[in-house]
Every structure is written in structure tokens, then in C-alpha cells.
Protein chains: 2
Amino acid sequence: MNMPYPTSSSTATPTHTFPAHIEHQLDKATALCTQQGARMTAQRRDVLGLILMHARPVGAYDLLEELKTAERRPAPPTVYRALDFLLEHGLIHRIERLSAFIPCTNLRHCSHTHEHSEACLHTAQFLICRDCKTVTEIADTTVLETLKHICKNENFVIQSTSVEVEGLCADCASKHPTKELPHQGV
Amino acid sequence: MNMPYPTSSSTATPTHTFPAHIEHQLDKATALCTQQGARMTAQRRDVLGLILMHARPVGAYDLLEELKTAERRPAPPTVYRALDFLLEHGLIHRIERLSAFIPCTNLRHCSHTHEHSEACLHTAQFLICRDCKTVTEIADTTVLETLKHICKNENFVIQSTSVEVEGLCADCASKHPTKELPHQGV
DNA sequence: GAATGCAATGTAATACTATTACATTTTCTC
DNA sequence: GAGAAAATGTAATAGTATTACATTGCATTC
């Protein structure tokens with residue numbers, strides 16, 4: 001009983017339906033794709049929807065499980081292809097340390113335009129809580145500016161960056177004995 | 001025919017021997033371990049030696065291959081345990097994007113003391129060349145300072161960080177048509 | 001509206017990375 | 001030397017990702 005969505009350059013019927021606020025974010029993502037001349041297919045929309053449903057980073061195989069329906073049992077490449085697409089278009093981020101994926105925060109925000117395009121260019125920064133596994137995307141641009149500056153000096157051409165800070169979020173830190181950076185390096 | 005090494009708090013005979021300059025770096029690493037009350041065993045020394053032998057990041061299973069001798073066929077946990085130890089003591093770094101390992105640059109430097117301990121505290125920064133796979137560790141401290149500042153504001157307790165910049169090194173960039181950050185984000 | 005070409009998806013197999021659990025050996029401390 | 005702790009050996013398995021090739025769907029042109 002799924003009705004086709006009013007996606008401008010999209011394909012068939014999504015196999016999943018999501019709560020209204022998620023659908024809204026999906027529509028926004030679809031609009032962004034159209035704008036970039038990319039196709040937000042049903043498959044990709046489903047995967048993005050599932051990622052948006054999670055409060056925490058999701059693994060590819062978790063998504064694979066959740067994609068299963070009575071009719072279809074997708075294989076790994078299905079999910080990885082969708083993830084690649086979503087990554088390329090800046091709709092999600094990959095958390096390297098977790099081998100997991102989260103939506104780009106900007107998708108959750110109200111603004112429909114993508115003024116922040118540059119800040120999202122595969123150059124996001126994250127705070128990862130070891131305890132509750134929550135990941136927060138940082139809006140700061142200073143880090144990226146610094147990195148750009150360094151790379152300019154070295155004639156290194158930046159294509160993408162990942163900045164991941166692992167530790168304890170404020171909530172978890174208040175519940176546990178504080179453990180700071182534990183040991184000495186060279 | 002391997003003779004025991006003069007390691008201060010070490011164990012049995014290493015199964016591998018390395019060129020003099022590598023042995024020198026290994027001795028330095030051993031001294032650092034002793035200083036920290038940690039044991040640089042033959043196994044760990046072998047693994048570190050192999051990592052030092054590579055110009056580029058090495059995967060765990062590559063090391064596993066290289067550890068094989070006529071007598072011994074180590075299993076994965078052997079390598080992973082050694083890697084964990086070396087990581088914990090700041091002797092190597094893990095490049096998240098590559099699931100691979102490189103020596104801490106300071107091991108290669110001349111200074112015997114570890115004045116830079118803080119800068120190495122699981123908080124290194126890397127430039128990764130997509131083309132030649134070479135990884136350069138950056139000495140800069142600004143990025144870490146910025147991150148510390150941000151985290152302080154958010155009451156986030158930092159335990160470790162990774163900053164990975166992927167792109168083209170100066171050499172490779174000069175050989176190829178320049179590809180900058182390719183697409184737009186949200 | 002058939003033909004063509006390209007993008008997207010389906011499918012099976014496999015490669016690569018990492019951990020668990022438990023037995024054994026080595027080393028340290030007393 | 002005995003006991004405890006650290007390190008290693010071993011087998012099995014879990015988790016993540018890719019390759020290669022077949023098929024389908026969509027878009028453009030004639």
C-alpha cells in the first residue's frame with residue numbers, strides 16, 4: 001500500500017514508509033539530489049530513511065537486516081552502493097572508528113538551502129562517546145581552516161578529511177570516574 | 001643463529017633481525033617501554049621492526065604473513081595483541097581509513113627523550129596520499145588545541161583523536177590533473 | 001513506440017579485518 | 001621454588017567490504 005512519492009527525478013515505490021518528520025528530511029535530501037542532477041531512488045531513500053531513524057551510528061549490516069522484507073532480501077552490495085551514493089552527495093557521514101554511518105546534521109536542520117555546502121564536503125568533525133556511542137557533529141570551521149593551511153604549505157591537495165574525537169560526552173563523564181588520555185607516547 | 005638482544009626488561013630471542021638503523025629505532029622503542037614499566041618482548045619487537053621496515057602503512061594480515069617462519073605460523077591474535085601493545089605505548093599509529101598501521105614518526109627522529117609525549121598521545125594527524133598511499137604525520141599542535149577548546153566548551157572528555165586528511169601529496173599532485181574536493185554537501 | 005545506451009540493481013562468491021574463548025607457557029614476585 | 005600475573009598459542013568465528021557478472025529499469029534518439 002505504498003504510494004509513490006512526489007520525487008522530481010526518482011524511480012519506483014519505496015518499500016518502507018517513515019514517520020512524517022523523517023519523510024520531510026527525505027524530501028529535503030531528494031531535493032538536494034535533484035539540484036545536483038543525481039537520482040534519489042527508492043533504494044537510496046530507504047537506506048537514508050533507516051539511517052535517519054537511528055539515534056546512533058548504524059553499521060552496514062544492521063541496515064541490511066532492516067531492509068529485509070517478506071519479498072526482498074538484499075545482499076551487501078545493495079546497501080554499500082546506496083551508502084556510497086549518500087556519502088558522495090554529503091547526505092551521510094562515515095565514522096571511521098566505528099565503521100558506521102550517521103546522517104549529516106544539516107539534514108535535520110530547518111534550512112532548506114544548503115548554504116553550508118563547503119563545511120560538509122567530506123570534511124566533518126565528530127565527537128564520539130565511548131560509553132553511550134552517541135556521535136555529535138561539530139559545526140566548527142577552525143580545524144578545517146588550519147588543515148587547509150597546513151596542506152597548502154606542503155602542496156598537499158585535500159580531497160576529504162575526517163576528524164574524530166573519542167571520549168566521554170558530558171552526560172557519561174558525569175556518571176563515571178574521569179579517564180583522560182591514558183598513556184604517554186614517544 | 002639469532003643472538004639475544006640487550007633489551008633491558010625483555011624476553012626471549014627475536015625471530016627476525018633487521019638492518020642496523022631499524023635495530024637502533026627498536027632499541028629506542030625498548031628504552032621507552034622500560035621507562036614506562038612495559039615489556040618489549042621479542043614478539044612485539046618483531047612486529048614493530050616489520051612496521052618500521054615499510055615505507056607505507058601495513059595491514060595486520062600483511063604483518064602476519066611476514067611473521068611466518070619455518071618454525072612458527074602465528075595466528076591473527078598474535079599480531080593484534082602486539083599491535084595493541086604498540087598502539088597503547090604510542091610506538092605506532094593506526095590509520096583508520098586504511099585499517100593499517102605506521103610507526104610513530106618520533107621513533108625515526110634522533111632525539112632519545114620523548115619530549116613530545118603529549119603531542120603523540122593517540123592524537124596524531126596524518127596526510128594520506130590516495131595515489132602513492134604514503135602517509136605523513138603532521139607535527140602541528142594547533143588542531144589539537146582547537147579540538148581541546150571545543151571539547152572543553154561541551155564538557156566532552158577527550159580520550160583520543162584522529163585527524164586524517166586524504167588527498168594527493170605534492171609529488172602525485174604534480175603528475176595528475178588536479179582533483180579537489182569533488183561534490184557538494186547538504 | 002522500438003532501439004540503443006547507460007545507470008541502477010540483483011546475486012553469488014569471496015576477500016579482508018578483527019575478536020572470542022580457552023589452553024599453555026613464560027616471567028615476575030615473594 | 002610456589003603462586004600469581006602477563007604473555008602467547010590455537011581454533012573457531014564474527015564483522016566489514018568488494019569483485020565479477022547477470023539483469024533490469026530509465027532516458028534519449030530515431
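Hydrogens, waters and symmetry mates are skipped; everything else that's a heavy atom, side chains included, is used. Residue numbering restarts at 1 for every chain, and letters A, B, ... go by the order of the sequence lines.
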Side chain to side chain donor-acceptor pair (under 3.5 Å) between A/S160 and B/R97, intermediate numbers included: CA-CA 11 Å; A/S160 79; B/R97 292 193 167 210; 2.7 Å; yes

Separation of D/dG9 P from B/K68 NZ (nearest whole Å): 15 Å

Side-chain N,O (A/R73) to OP1/OP2 (C/dT11) below 4.0 Å: no

Whole-Å distance separating the CG atom of A/D46 from the P atom of C/dA8: 16 Å

Linked, directly or transitively: B/M53 and B/I95 (ILVMFWY side chains, under 4.5 Å): no

Short side-chain N/O contact from B/R72 to OP1 or OP2 of D/dG9, under 4.0 Å: yes

C/dA18 OP1/OP2 closer than 4.0 Å to side-chain N/O of B/R81: no

Angle of first-five versus last-five pair axes in the helix from C/dG1-D/dC30 to C/dC30-D/dG1, to 10 degrees: 30°

B/T41 side chain near D/dT8 phosphate (N/O to OP1/OP2, under 4.0 Å): yes

Derivation of the salt bridge (charged side-chain N to carboxylate O under 4.0 Å, His left out) call for A/R45 and A/D27: CA-CA 9 Å; A/R45 188 179 173 109; A/D27 288 341; 2.9 Å; yes

Protein-nucleotide distance (A/F85, atom CZ; C/dT9, atom C1'), rounded to Å: 14 Å

Output one line per pair: protein atom, nucleotide atom from nucleotides 16-18 of chain D, and distance, for all N/O pairs under 3.5 Å.
unit_1: D/dA17; atom_1: OP1; unit_2: A/R94; atom_2: NH1; d: 2.4
unit_1: D/dA17; atom_1: OP1; unit_2: A/R94; atom_2: NH2; d: 2.8
unit_1: D/dA17; atom_1: OP2; unit_2: A/Y80; atom_2: OH; d: 2.9
unit_1: D/dA17; atom_1: O5'; unit_2: A/Y80; atom_2: OH; d: 3.4
unit_1: D/dA17; atom_1: N7; unit_2: A/Y61; atom_2: OH; d: 2.6
unit_1: D/dA17; atom_1: N6; unit_2: A/Y61; atom_2: OH; d: 3.2

side-chain N/O B/Q43 vs D/dG9 OP1/OP2, d < 4.0 Å: yes

Partners meeting side-chain hydrogen bond (donor to acceptor under 3.5 Å, both in side chains) with B/E164 (sequence neighbours left out): none

